[in-house]
Amino acid sequence: MKVLITGTCSGMGRAMALKFLKEKHDVVGIDLTEDNLSLYTDFMHSAGENLGSYTHFVADISDKSSLPEIPGIEILINNAGIQTPDNSLPEKDIKTNLLGSIYVTQKYAFQPSIKSVLFNASVSALNGNEFAGYVASKAGIVGYMKHVAIALANRYHATCNAICFGGVSTELNKSVMEDKKLWNRIMNVTPLKRWATPEEAAEWCYFLTAVNTFCTGQAINVSGGERNCADLFVWPDSTEPTESF
């Protein structure tokens, strides 16, 4: 199938792209960063590995005019997003995470080839534990997902869900993962005593889009049992804004 994934140059997005390529799907990636997957796929092909094809576009999802024309998308995964550790700047996360996902979905999902749409939301959308703009943007994604699920089911019999990850071991979370005190606080409220890997996240995304054909309109909590406490959010006191997953 033809799969479009946003934010493919790092973290979960890169792991998702590799998972679909290994399953022999043709992947289109959109990212602010230049392509770093084609050399890998070329190398694997030369080594005799049978992968799908990868095509990359540099674009800003929050700028609808920058989105390229890509016909015939069958699976769309809205993964790209940012997290701004500053409660006084909520508009940054809302513009990229929420409006960007809306722009991408409007452009690529509403056409006859579509089979499945998935939004990378966050457990923060369900429990409110994060920076204000980030929480609002991800909660907005869950609401928009339900709107899209109704429309796609009625028009194209396609599925649409949001996946709400808790902690995932990516560069975005490095400042917490490398701080023993903060890490212990998180593990105290995480029954499985670990975070997901990007590869585990990719497996979930693959299942919900390429395998699942009946579950739709759901915000699925994949957080290792992270508890909904009133003051759970853990982050270093001073951190520069981070703009990639």
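The residues of the chain are indexed from 1 along the displayed sequence.
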Query raised in the report: So does Glu203 pair up with Lys19, basic N to acidic O under 4.0 Å?
Result: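 Salt bridge between Glu203 and Lys19, a charged N being under 4.0 Å from a carboxylate O: yes.
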Report task. Salt-bridge test for Glu49 and Lys24: reply yes if a basic N is under 4.0 Å from a carboxylate O, no otherwise. Result ->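 Answer for the salt bridge query: no.
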Test your reading of the model: is there a side-chain donor-acceptor pair from [X] to the backbone of [Y], 3.5 Å cut-off?
| X | Y | result |
| --- | --- | --- |
| Asn161 | Cys215 | yes |
| Asp93 | Thr84 | yes |
| Asn173 | Ser169 | no |
| Lys115 | Ser113 | yes |
| Lys193 | Met187 | yes |
| Asp31 | Cys9 | yes |

Query raised in the report: Among Thr209, Thr216, Thr159, Thr213, which residue meets the side-chain hydrogen bond (donor to acceptor under 3.5 Å, both in side chains) test with Ser116?
Result: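 When Thr209, Thr216, Thr159, Thr213 are each tested with Ser116, the side-chain hydrogen bond (donor to acceptor under 3.5 Å, both in side chains) holds only for Thr159.
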Once you round to the nearest 0.5 Å, how far does [atom1] of [X] lie from [atom2] of [Y]?
| X | Y | atom1 | atom2 | answer |
| --- | --- | --- | --- | --- |
| Leu208 | Gln218 | CG | CD | 10.5 Å |
| Arg155 | Ile114 | CZ | CD1 | 12.5 Å |
| Ile70 | Leu76 | CD1 | CG | 9.5 Å |
| Cys160 | Phe119 | SG | CZ | 4.5 Å |

Query raised in the report: Taking the six-membered ring for Trp, are His25 and Tyr206 ring centroids under 6.0 Å apart?
Result: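 Between Tyr206 and His25, which both carry aromatic rings, the centre distance is below 6.0 Å.
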Query raised in the report: What orientation do Tyr144 and His147 show, parallel under 30°, tilted 30 to 60°, or perpendicular over 60°?
Result: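 Judged by the thresholds at 30° and 60°, the geometry between Tyr144 and His147 is parallel.
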